[in-house]
Amino acid sequence: MPELPEVNTFKKYFEGTSLRQKIVDVSISDDKIIRNISAQEFVNRLTGKSFSASSRRGKYMFGHLDNGTFVLFHFGMTGDFKYYFEEEDRPKHERFHILFEGGGKLGFDCPRKFARIEFIENLKTYIKELGLGEDALIIQEGDFIEMMNGRTTSIKGFLLNQKLLAGVGNLYADEICYQTRVYPGSRVNKLSVRKKKEIFAAMQSILNTAIDRTAHYKDYPDDWFWKWRTKEGTSEKGKILVEKIAGRTTYFVKGWQRKYM
DNA sequence: TGTGATGTTGAATG
DNA sequence: GCATTCAACATCAC
């Protein structure tokens with residue numbers, strides 16, 4: 001379930017399993033998951049190298065190869081890593097795996113195939129051309145607020161726009177709006193500076209808490225919204241409504257979350 | 001059987 | 001340039 005906290009957990013997993021081991025082969029069962037070069041070229045670029053580090057920006061995770069090049073792992077809706085040795089542990093929807101010298105395999109599981117893997121020569125150039133915004137946990141409050149200037153989009157649309165702010169997805173956007181008692185369709189230009197600061201603080205606290213719990217939803221605080229966010233009904237704060245906002249299914253609590261329109 | 005799902009992109013529209 | 005909506009991507013679960 002890859003939003004920023006999930007991807008952060010994948011990154012930790014990657015670092016705990018796949019660094020500093022020579023890549024002896026890459027086995028690709030679905031060519032289309034490698035987006036920017038051919039599958040064969042991808043194999044050639046990785047074989048013989050090893051990963052020395054990794055980094056993350058929003059939902060984009062980068063494996064750093066020891067020759068100064070990079071591999072992008074974008075998990076789409078259903079991507080996941082699984083490191084394994086035995087054939088019986090291969091994930092069900094594995095699209096490719098990287099075989100290391102010691103016999104370990106880093107499998108990439110992805111039922112819905114929305115994931116994107118790329119080989120990258122220059123990371124800075126790549127991020128710049130992509131127009132990827134600053135990471136939601138790194139951006140400063142002042143920049144966060146400044147980016148809202150002159151915009152009329154909904155707060156949800158703002159939080160989801162990866163070119164402005166990288167990392168927040170549909171679930172966490174709803175959580176942020178719930179905790180700050182803002183209707184997700186509220187217009188950013190109608191929010192007070194004070195409210196914007198509140199939203200910024202909630203965003204960081206929610207993402208950090210989620211990371212602390214390794215993106216394991218069941219461990220999230222009891223007063224979070226996510227567990228109500230499955231169907232229309234009534235939460236302790238009021239009636240839950242569902243609307244399409246910024247093109248995404250959005251849950252919120254009527255009355256609890258104020259409209260700034 | 002039809003519908004929608006945690007993400008992103010590109011096209012079309014205003 | 002900005003905002004919105006829609007379709008597409010591919011598969012699975014309800």
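Please read these numbers as outputs of a predicted model, since none were measured by experiment. In what follows, chains are A, B, ... by sequence order, proteins preceding strands, each numbered from 1. Side chains are part of it too, since the values below use all heavy atoms of this structure and drop only hydrogens, waters and symmetry mates.
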Among [options], which nucleotide has an atom closest to any side-chain atom of [X]?
{"X": "A/Lys59", "options": "B/dT8, C/dA10, C/dC2", "answer": "B/dT8"}
{"X": "A/Tyr60", "options": "C/dA10, C/dC2, B/dT9", "answer": "B/dT9"}
{"X": "A/Lys163", "options": "B/dT8, B/dT9, C/dA3", "answer": "B/dT9"}
{"X": "A/Met77", "options": "C/dC2, C/dT11, B/dG7", "answer": "B/dG7"}

For the pair made of [atom1] in [X] and [atom2] in [N], what is the distance, rounded to whole Å?
{"X": "A/Met61", "N": "B/dT6", "atom1": "CE", "atom2": "P", "value": "24 Å"}
{"X": "A/Glu175", "N": "B/dT6", "atom1": "CD", "atom2": "P", "value": "14 Å"}
{"X": "A/Asp80", "N": "B/dT6", "atom1": "CG", "atom2": "P", "value": "17 Å"}
{"X": "A/Lys92", "N": "C/dT11", "atom1": "NZ", "atom2": "P", "value": "13 Å"}
{"X": "A/Leu164", "N": "C/dG1", "atom1": "CG", "atom2": "C1'", "value": "13 Å"}
{"X": "A/Phe75", "N": "C/dA10", "atom1": "CZ", "atom2": "C1'", "value": "18 Å"}
{"X": "A/Asn161", "N": "B/dG10", "atom1": "CG", "atom2": "P", "value": "14 Å"}
{"X": "A/Ile33", "N": "C/dA10", "atom1": "CD1", "atom2": "P", "value": "11 Å"}

Does [X] make a side-chain N or O approach to OP1 or OP2 of [N] shorter than 4.0 Å?
{"X": "A/Arg116", "N": "B/dT8", "value": "no"}
{"X": "A/Arg112", "N": "B/dG7", "value": "no"}
{"X": "A/Ser154", "N": "C/dA3", "value": "no"}
{"X": "A/Gln162", "N": "B/dG7", "value": "no"}
{"X": "A/Thr249", "N": "B/dA5", "value": "yes"}
{"X": "A/Lys113", "N": "C/dC9", "value": "no"}
{"X": "A/His74", "N": "B/dT8", "value": "yes"}
{"X": "A/His93", "N": "C/dC12", "value": "yes"}
{"X": "A/Lys32", "N": "C/dC9", "value": "no"}

Could you tell me if the ring centre of [X] sits under 6.0 Å from that of [Y]?
{"X": "A/Tyr217", "Y": "A/Trp226", "result": "yes"}
{"X": "A/Phe144", "Y": "A/Phe200", "result": "yes"}
{"X": "A/Tyr183", "Y": "A/Phe252", "result": "yes"}

Inset, instruction - Once you apply the 3.5 Å cut-off to both distances, tell me the Watson-Crick or G-U wobble partner of B/dA5, or none. - result: C/dT11
Legend entry - Passing option when A/Phe73 is tested against A/Phe10, A/Phe81, A/Phe62 for ring pair (Phe, Tyr, Trp, His ring centres under 6.0 Å): A/Phe81
Inset, instruction - Could you walk me through whether A/Arg45 and A/Glu121 pass salt bridge (charged side-chain N to carboxylate O under 4.0 Å, His left out), step by step? - result: CA-CA 10 Å; A/Arg45 297 286 196 150; A/Glu121 292 278 359; 2.8 Å; yes
Base, sugar-phosphate, or nothing: which does [X] touch, judged by heavy atoms less than 4.0 Å apart?
{"X": "A/Phe158", "answer": "nothing"}
{"X": "A/Arg187", "answer": "sugar-phosphate"}
{"X": "A/Leu130", "answer": "sugar-phosphate"}
{"X": "A/Gly169", "answer": "sugar-phosphate"}

Inset, instruction - State whether the side chain of A/Ser186 and the backbone N or O of A/Val182 hold a donor-acceptor pair below 3.5 Å, judged by distance alone. - result: no
Legend entry - Distance, P atom - from C/dA10 to B/dT1, rounded to whole angstrom: 23 Å
Inset, instruction - Salt-bridge test for A/Arg95 and A/Asp109: reply yes if a basic N is under 4.0 Å from a carboxylate O, no otherwise. - result: no
